[in-house]
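Data first, discussion second: the structure below is written as structure tokens.
Atoms within each ligand, like the ligands themselves, are counted from 1 in listed order.
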Amino acid sequence: MSEKMKAIRVERTGTPEVMELREVDVPQPRPGQVRLKVEAVGINFADALNVGGQYLTAPKLPYTPGMELAGTVDALGEGVSGVQVGQRVAALGGSGGLAEYAVVPAAGLVPVPESFTPAQAAAFPVSYMTAYHALKTLGRGEAGEWVLVQAAAGALGTASVQLAGALGMKVIALASTDEKLQIARDLGADVTILQDDPERVQKVREAAGGSGVPLILEVVGGTRFGESLKMAADRGRIIFIGNASREEATLNPVSLMKRNLTVTGLWLTSLMQDAEAVAAAAQGLTPLIASGRVVPQVGPTYALADSPRAFQDILDRKTTGKVIIEPQR
Ligand code: NDP
């Protein structure tokens with residue numbers, strides 16, 4: 001194997017153009033790490049925010065973006081067991097995915113079924129585990145209950161619509177265009193409403209039987225968060241997962257009292273430290289994958305050199321499903 005590889009490097013935060021394709025050393029796995037030949041990298045909104053220095057934690061510069069990836073195990077660091085060279089896996093690695101080879105902690109490997117393509121495997125961990133925790137672990141959603149999914153044609157949105165349906169929940173989907181709403185309907189959304197419809201608050205409440213929605217997955221934030229409070233049913237649960245609008249969301253806790261509302265934050269990164277939550281998600285998702293009711297939704301795919309365009313397309317709301325970058329292309 002050559003000692004050099006192609007990788008994206010970010011030396012200063014900014015717009016996606018700060019991402020540069022470089023020739024760098026192939027990384028060596030340290031104890032407890034595994035090296036993957038990277039076939040596909042799932043790109044999340046958070047990756048784009050990270051490059052912009054706008055995410056929850058600041059990246060340590062310079063760095064190679066790419067938190068979720070799929071590929072073939074290529075080398076094992078000292079002390080790694082239970083995984084073999086040549087095995088196909090997905091991984092949550094924090095960073096480093098946008099390269100021909102990446103090292104990830106062995107603890108970050110995610111088993112994927114043989115039936116998944118590399119792109120499907122890379123589209124799975126972040127969106128489906130987040131959707132599971134939003135709908136079940138934190139959201140306590142029940143079959144037959146209504147759930148509101150924002151940005152429903154996006155990566156997390158498609159996962160949430162599909163998973164909610166598979167769990168027997170009824171879905172109201174919001175998105176910015178008719179084409180995006182059609183994607184949500186194709187995945188089983190029961191009611192779809194344009195997110196800029198002037199009557200959206202009333203329409204959402206009516207769709208859920210007139211008394212509002214018991215469970216809301218909030219990913220837009222900003223001023224839309226105030227609308228979610230109005231869309232919620234009494235005793236409704238709002239899971240605050242993202243602030244894609246990048247506007248300030250304000251909350252007066254007193255407003256929660258009158259209708260006994262609950263607002264819960266969700267960050268997958270910290271939930272992944274909770275072994276019980278990780279096991280619960282794996283247990284909940286495995287049978288749904290096996291039965292074919294959960295199939296990762298792969299969106300547009302790009303070559304490594306086109307990474308800046310992929311990131312910009314996400315920020316410009318041009319993409320649906322999970323954006324995939326294929327470093328071996
Ligand atoms: P998406 O593929 O869903 O892309 C983002 C979508 O957000 C856009 O397509 C757009 O959909 C919507 N959006 C609404 N307002 C804006 C805006 N002002 N600018 C850009 N997009 C906007 O990305 P992801 O699935 O990766 O993430 C979706 C959301 O979920 C993000 O807020 C992200 O941070 C969050 N998330 C959080 C996680 C966590 O652990 N807390 C894990 C995974 C995702 P439309 O055009 O239909 O409005």
Side-chain angles (χ1 to χ4, degrees), residues 15-16 41-52 54-57 65-68 92 94 122-135 137-139 148-163 172-185 187 189 192-197 200 216-225 227-228 238-249 263-274 277-278 281 296-300 310-325:
T15 56
V41 187
I43 308 300
N44 297 284
F45 197 75
D47 288 298
L49 293 183
N50 232 338
V51 168
Q54 296 176 310
Y55 199 51
L56 293 178
T57 51
M67 65 173 84
E68 73 176 332
L92 282 174
F124 177 73
V126 170
S127 297
Y128 282 86
M129 287 199 235
T130 302
Y132 187 86
H133 290 307
L135 291 165
T137 318
L138 300 177
L148 178 72
V149 176
Q150 299 175 336
L156 178 60
T158 51
S160 301
V161 170
Q162 196 183 50
L163 187 56
I172 303 169
L174 294 181
S176 61
T177 67
D178 284 318
E179 293 73 23
K180 289 185 175 185
L181 292 182
Q182 186 59 48
I183 290 171
R185 280 194 289 276
L187 287 168
T192 57
I193 299 168
L194 283 170
Q195 70 137 20
D196 287 331
D197 185 316
R200 56 190 177 271
I216 296 181
L217 310 192
E218 176 75 52
V219 301
V220 178
T223 55
R224 299 295 174 137
F225 175 64
E227 292 184 9
S228 293
I238 300 173
I239 312 298
F240 198 94
I241 311 168
N243 200 58
S245 64
R246 285 160 285 161
E247 297 166 358
E248 196 175 336
V263 179
T264 305
L266 186 165
W267 192 31
L268 182 65
T269 303
S270 51
L271 273 173
M272 293 297 291
Q273 311 307 314
D274 175 349
V278 172
Q297 298 300 298
V298 173
F311 277 53
Q312 192 60 53
D313 286 350
I314 293 181
L315 291 171
D316 292 343
R317 304 160 81 155
K318 287 183 181 163
T319 63
T320 59
K322 176 80 70 163
V323 168
I324 298 291
I325 293 177

Chain-and-number sorted residues having a heavy-atom contact under 4.0 Å with ligand 1 are Asn44, Phe45, Val126, Thr130, Ala151, Gly154, Ala155, Leu156, Ala175, Ser176, Lys180, Gln195, Val219, Val220, Ile241, Gly242, Asn243, Ala244, Ser245, Arg246, Leu266, Trp267, Leu268, Leu315, Arg317

Of all the heavy-atom pairs spanning Glu68 and Pro125, show the shortest one and how long it is. OE1-CD, 3.2 Å

Sidechain N-carboxylate O distance under 4.0 Å for Arg224, Glu218: no

Side chain to side chain contact (heavy atoms under 4.5 Å, CB included) evaluation trace for Ile43 with Ile325: CA-CA 7 Å; Ile43 308 300; Ile325 293 177; 3.8 Å; yes

To the closest 0.5 Å, what do you measure between OG1 (Thr269) and CG (Leu56)? 8.0 Å

Listed partners of Tyr128 passing ring-ring contact (aromatic ring centres under 6.0 Å, His included), at least two apart: Phe124

Given the options Leu163, Leu138, Leu271, Tyr132 meets side chain to side chain contact (heavy atoms under 4.5 Å, CB included) only with Leu163

